2 protein chains.
Amino acid sequence: MEERRYKHVQNFLKLQIQKGYYVVGSYLPSENELCSTFSITRTTARKALEELLKEGFIDRQHGKGSIVRERRKSLGLLNVKGFSEAVGKDVSTVFLQHPKPGLWDPAIHFTISETELNESCVHFARLRRVGEVPVMIEYNWLADTGLKGFPGIDFIEGSFFKTLSQHYHIEITGSEHELRAENATKNIAALLKIPHDSPILHISVKFHTSNNNFFIYSELYCNTENYPVGNSYHL
Amino acid sequence: MEERRYKHVQNFLKLQIQKGYYVVGSYLPSENELCSTFSITRTTARKALEELLKEGFIDRQHGKGSIVRERRKSLGLLNVKGFSEAVGKDVSTVFLQHPKPGLWDPAIHFTISETELNESCVHFARLRRVGEVPVMIEYNWLADTGLKGFPGIDFIEGSFFKTLSQHYHIEITGSEHELRAENATKNIAALLKIPHDSPILHISVKFHTSNNNFFIYSELYCNTENYPVGNSYHL
DNA sequence: CGTTTTAACTTGTACGTACAAGTTAAAAAC
DNA sequence: GTTTTTAACTTGTACGTACAAGTTAAAACG
């Protein structure tokens with residue numbers, strides 16, 4: 001069975017974007033250019049671009065072209081409000097634990113499949129601050145299969161997802177969340193520099209990726225007193 | 001300027017679904033049927049159906065047809081896990097305040113536009129329980145313009161959104177959330193039957209609708225001890 | 001009667017054409 | 001030199017055709 005023509009063009013362009021040949025804000029080739037370079041009709045070229053639009057890689061502008069965009073914004077991911085995308089970028093991230101092989105932790109709230117349990121896992125933890133104030137602790141686990149040479153490389157622009165995309169061409173395709181309000185444990189309270197038993201927001205996340213059967217698990221602990229967690233969804 | 005042909009078909013089918021002429025699980029007319037009834041080509045019929053798919057009204061199945069689906073599931077809305085969609089449906093909702101004209105409440109976290117402030121608003125509040133255990137309190141506000149005869153009608157299947165869709169053909173098109181972990185106030189604690197100062201999850205929501213400039217504001221207070229709040233997003 | 005084949009449906013992909021509509025920069029008019 | 005017009009691009013809509021591929025029930029076969 002042969003790969004669909006539109007799928008071929010779609011994957012070609014996606015790879016170019018992932019590799020950084022087209023930076024955010026730049027324009028992809030026009031529909032007619034794609035037609036001649038791939039020997040296809042506009043119907044097929046349009047279908048490929050339409051799919052990239054659905055996946056959140058591009059925006060399309062009538063009369064102008066297809067513009068590469070920050071994909072993260074198309075995902076309904078939770079984010080600390082006024083964090084990372086905020087204007088005042090006095091935001092810092094420190095590693096509590098650099099990526100390192102380890103064991104699947106019982107702290108993970110989502111159910112881990114048999115296949116994953118049989119593999120070894122990589123763990124890392126980070127603390128995120130606004131100014132000098134710590135606002136979030138983030139524990140992450142993932143199966144270390146397929147990501148050759150992973151624990152040992154630096155994150156591109158400090159972003160794990162960006163590294164996953166550019167180095168391994170793996171994209172986030174979805175996520176599941178579980179939200180709980182809890183009293184901070186002694187450990188968490190100390191790291192967030194808040195009184196013991198302060199209310200904190202505990203978020204358990206299971207990220208789905210373009211690589212089937214490969215998931216990323218995160219447990220987040222947020223001090224929402226000054227920086228609430230935000231989320232937005234639009235059709 | 002004339003309405004686009006595909007848009008006409010799209011809106012026609014959408015209205016049929018909203019009015020309940022096509023129930024969830026039933027099939028829409030096939031592409032070829034749409035072609036003959038509307039005197040259009042398959043390209044146009046497909047475009048209309050493709051749009052309904054994007055909006056979450058239908059699923060499409062190769063070789064079978066377009067099936068009407070529960071739209072809620074396509075929206076990245078927060079929901080109480082094991083609630084409403086759960087198997088054991090011993091779930092109940094009681095009104096703390098039936099829909100009634102009132103004032104815009106300062107408890108609303110999102111900014112309310114000038115236009116909205118100049119209009120009067122409708123308020124209602126509900127308590128949701130699993131068995132005998134209260135798990136969530138929900139305060140809602142909306143501008144009462146356009147929804148003629150609203151405060152006074154019963155909710156269809158107890159759902160405000162379903163009522164909005166079937167009676168007024170207004171759909172939820174997106175939402176913004178702000179999440180906070182807080183200590184329960186005396187009032188909230190009493191309603192949720194939990195000790196004063198227990199940690200609760202406070203969610204502020206601004207729903208966007210198909211009716212531009214019309215929003216719904218909610219403030220939710222959840223006891224997540226036994227029923228965490230869930231959310232899932234898929235491409 | 002039970003199985004296999006066929007035929008008639010469905011949606012999916014891909015071809016080609018034509019014109020509408022938004023954008024932009026060069027050419028023409030003033 | 002400034003403004004207006006035009007022309008050359010872009011994407012959007014809509015036409016029509018053909019075949020591929022998934023689904024299902026009736027027809028043919030054993």
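Letters go in sequence order (proteins before strands), and every chain restarts at 1. Here the structure is a predicted model, which means the values were calculated and not measured. Heavy atoms only: backbone and side chains are in, while hydrogens, waters and symmetry mates are out.
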Apply ring pair (Phe, Tyr, Trp, His ring centres under 6.0 Å) to the pair A:Phe38 and A:Phe12, showing each step before the final yes or no. CA-CA 11 Å; A:Phe38 288 97; A:Phe12 176 85; 5.4 Å; yes

Given ring pair (Phe, Tyr, Trp, His ring centres under 6.0 Å), test B:Phe155 with B:Phe95 step by step and report yes or no. CA-CA 12 Å; B:Phe155 287 179; B:Phe95 274 93; 5.7 Å; yes

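Using a 4.0 Å heavy-atom criterion, one finds that A:Thr41 contacts the bases of the nucleic acid, with or without backbone contacts as well. At the heavy-atom level, B:Thr43 lies under 4.0 Å from base atoms of the strands shown. Nucleic acid contact for B:Thr44: sugar-phosphate only, since backbone atoms but no base atoms lie under 4.0 Å from a heavy atom of the residue.
Across D:dT23, C:dT11, D:dT13, the shortest atom-to-atom separation from the side chain of B:His62 is found for C:dT11. Which of C:dA21, D:dT11, C:dG12 sits closest to the side chain of B:Glu31 comes down to C:dG12.
Taking the nucleotide of DNA chain C with the nearest heavy atom to each of A:Arg5 and A:Gly63, the more 5' of the two is matched to A:Arg5. Heavy-atom distances to DNA chain C give each of A:Lys64 and A:Arg42 a nearest nucleotide, and the one nearer the 5′ end belongs to A:Arg42.
Dashed line: the shortest gap from a side-chain N or O of B:Asn32 to OP1 or OP2 of C:dT10 is under 4.0 Å.
Between the side chains of A:Asn140 and A:Glu138, at least one donor N or O lies within less than 3.5 Å of an accepting N or O. Side chain to side chain, B:Glu176 and A:Ser232 fail the donor-acceptor criterion of an N or O pair below 3.5 Å.
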